[in-house]
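One structure is given here, and the rest of the page talks about it.
A quick note: this is a predicted structure, and the numbers were derived from the prediction, not measured. Chain letters run A, B, ... following the sequence lines, proteins first, then strands; residues in each count from 1. FYI, side chains are in, hydrogens and waters are out, and symmetry mates aren't considered; it's all heavy atoms of this structure.
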There are 2 protein chains.
Amino acid sequence: MADKSSRNNKVSLSQVANAAGVSKMTASRVLRGEGGYSEKTRDLVMQQVDRLGYLPNRLATVFAGDKSSTFIGVSIPDLGNEVFAQVLEGIDHKLGSFGHQTVLGLTQHTETAEEDWIRTVLSWQPAGLILTGRFHAPRAMDMLRNAGIPIVEIWDLNSSPLDMSVGINHFDAGFDMGRYLVGCGYRNIGYVGTSHDTANAATTRLAGFVKAVTGGDGAVTKQLCLHDTAAYYPGYYGTEQLLTAAPTLDCIFYQNDAMAFGGMQYCASKGLNVPGDIGIAGWGDLPIAAVLPKRLTSMHVPHLRLGQAAAEMMMSRLSGEPVQPVRDIGFQLIPGSTVKNLGLS
Amino acid sequence: MADKSSRNNKVSLSQVANAAGVSKMTASRVLRGEGGYSEKTRDLVMQQVDRLGYLPNRLATVFAGDKSSTFIGVSIPDLGNEVFAQVLEGIDHKLGSFGHQTVLGLTQHTETAEEDWIRTVLSWQPAGLILTGRFHAPRAMDMLRNAGIPIVEIWDLNSSPLDMSVGINHFDAGFDMGRYLVGCGYRNIGYVGTSHDTANAATTRLAGFVKAVTGGDGAVTKQLCLHDTAAYYPGYYGTEQLLTAAPTLDCIFYQNDAMAFGGMQYCASKGLNVPGDIGIAGWGDLPIAAVLPKRLTSMHVPHLRLGQAAAEMMMSRLSGEPVQPVRDIGFQLIPGSTVKNLGLS
DNA sequence: TTGAAAGCGATACCAC
DNA sequence: GTGGTATCGCTTTCAA
């Protein structure tokens, strides 16, 4: 109490030093545990630290030492899509285990929101940035290049990244799924997903999918890209729209498993049998797939590991270790039983 | 290039000022737009800002002005539980719209992880803190009280909060659900949820539930608290364990809808009809409930609004407006059709 | 309308 | 082992 100290009421290092009867420098050394002081001095200082409840001001530390902070800016499109929630969880855990903090930015799939967030977060001198996607606004690119800090672009693998990239090739992933469905005999396929102002991984995936299907004598007859979250209910009503417009589809591919599940529920409500009447393929192998009676045809992507890998690449770079800048985390097609082999005609 | 400037390569305010031929102070005034300079000067400065790609160092701003940052520390138990993902989304959007940033802390439901995170995040001089839950480690409480910044405890309504609180009374919520199920005629009820080292809202809810059921001549015959995430698969295998140990249960209450859905899938796999053979009640009214064929008996909680409300209370406090410190956001029982009225005996 | 000087809380560097 | 002093990039304060 009765603090004649500075502008705020926080305990500073010099107060600790004064109370302990040593200089700021000595107190500083003790707190950093870097040695160069006697045990007696250490005890004296630590005693006052406890008594006064001293908490260091890391702003000043960064500032004085001109070292970077332990902030890592992490941009994520949205958390309604479970995929990104998992990725974020992977990132934050790994970062935390290295003593770093996540500064979150939810960009709502727009480049302008991302650009604004980048400008702001850079002003806080983060140690690095982890960004979802490989498309960024031109001015964002300028800032990122000038920032001089490690950057990891995730999810949508960028083979010529700003700095580093980890993820998968979504074109290939879409292509593989398309080829698989065509291989099963499907020819009249629909797609339900979401879209936003900015091109993203789902767009790329769809392009690969379409290429494989059309190249295999099939057709992606109808594509529906909703301006919504890639979640259960959009899958449900999207399927309703799709099947109303194109009732003869033999199969539907979805942006992710959540949407696919929503779609299956719509089909069930209409008495459509899966895969008897219509094939259903999801994407991402989300947790819900593990409890469904029929294995959902999907594609496994190690979301959590992807997040962890991104954080690890970041930490390696920060500690000066060599890093492989582009890392493909891979995916795996899961045949499942919500599509069937039609017996090639 | 050829920067004879300081230790790092970043453009500083004085470089801008020099280039523009004015003093630091004038440049500072222009950048803050606080007036007190001529239009010509403004143009001169802004021109150099653009040319040099100047980004302010907000660390220095906070430091010099001894004002607080625009960081808000937000602690969340885990993101595998969709409930918290929604709350976080609500918080971050609202915060962002006020120009503030989320510094995330995933605490894994442990007080020690929370304590460590609090210590770290406080050292970065955040403007405020939003914490999930009302239980904190003793030393965390000390730090929080000394921090002198606004704190909002969310989710589990704290009627005597550290500073502010928004959420619901989980005891009441559990009680209402218990009374409802007993009212339907269920007497031999099971529970599947998760538990962790720290008491939390789910624990409180369960206590209220048990009280209502036992007070109504029923019994919560078997309670299962898994050391896992409150998600689909734990709901599935938890139900298996529960029904193996207590096959005669007439109803199961779950920690949330995701677990309830997992449980329903297990029941279906065993040929059990819901609600014919067994009643199922979830909690939280999660998005998946909207696409299921039978309305899941659940309890609606406005998760997103809860997050937004927390952010709003924080912003009001920071701008000095009066704030009602304890805000009950309410819940609503959804009868659904996964339980039935047994016809009171 | 503008600028010079002091200072925020810590660390780096150099003396003792 | 210990302490003095300059310094980080910016704002505050006061003077011109």
Starting at [atom1] of [X] and ending at [atom2] of [N], how long is that distance when rounded to a whole Å?
X      : N      : atom1 : atom2 : value
B:L13  : C:dA4  : CG    : P     : 14 Å
B:F63  : C:dG9  : CZ    : P     : 6 Å
A:N18  : C:dG9  : CG    : C1'   : 13 Å
A:N57  : D:dC8  : CG    : P     : 18 Å
B:L31  : D:dC10 : CG    : P     : 9 Å
B:W124 : C:dA10 : CH2   : C1'   : 12 Å
A:Q125 : C:dA10 : CD    : P     : 18 Å
A:R29  : C:dG9  : CZ    : C1'   : 16 Å

Polar pair under 3.5 Å, donor/acceptor by atom type, side chain A:K24, base C:dA10: yes

No-H, no-angle donor-acceptor pair, B:R58 side chain to D:dG9 base, under 3.5 Å: no

Option among A:E312, A:E89, A:H100 that satisfies the side-chain hydrogen bond (donor to acceptor under 3.5 Å, both in side chains) test with A:K94: A:E312

Residues B:D142 and B:R145 bridged, charged N to O under 4.0 Å: yes

Sugar-phosphate only, base, or nothing, as touched by A:V22 at under 4.0 Å among non-hydrogen atoms: sugar-phosphate

Donor-acceptor under 3.5 Å (A:T26 side chain, A:V22 main chain): no

Expected output: side-chain A:D92 to main-chain A:L88 donor-acceptor under 3.5 Å: no

Closer than 4.0 Å, any side-chain N/O of [X] to the OP1 or OP2 of [N]?
X     : N      : value
B:Y54 : D:dG9  : no
A:T61 : C:dA10 : no
B:S28 : D:dT11 : yes
A:S14 : C:dA10 : no

So if I take every side-chain heavy atom of [X] and compare against [options], which nucleotide ends up nearest?
X     : options               : result
A:T26 : D:dC8, D:dT11, D:dG3  : D:dG3
A:S38 : D:dT2, D:dT11, D:dC10 : D:dT2
A:M25 : D:dT11, D:dG3, C:dA10 : D:dG3
B:R32 : C:dA10, C:dG3, D:dT12 : D:dT12

Over 12 foreign heavy atoms within 6.0 Å of CZ, A:R32: yes

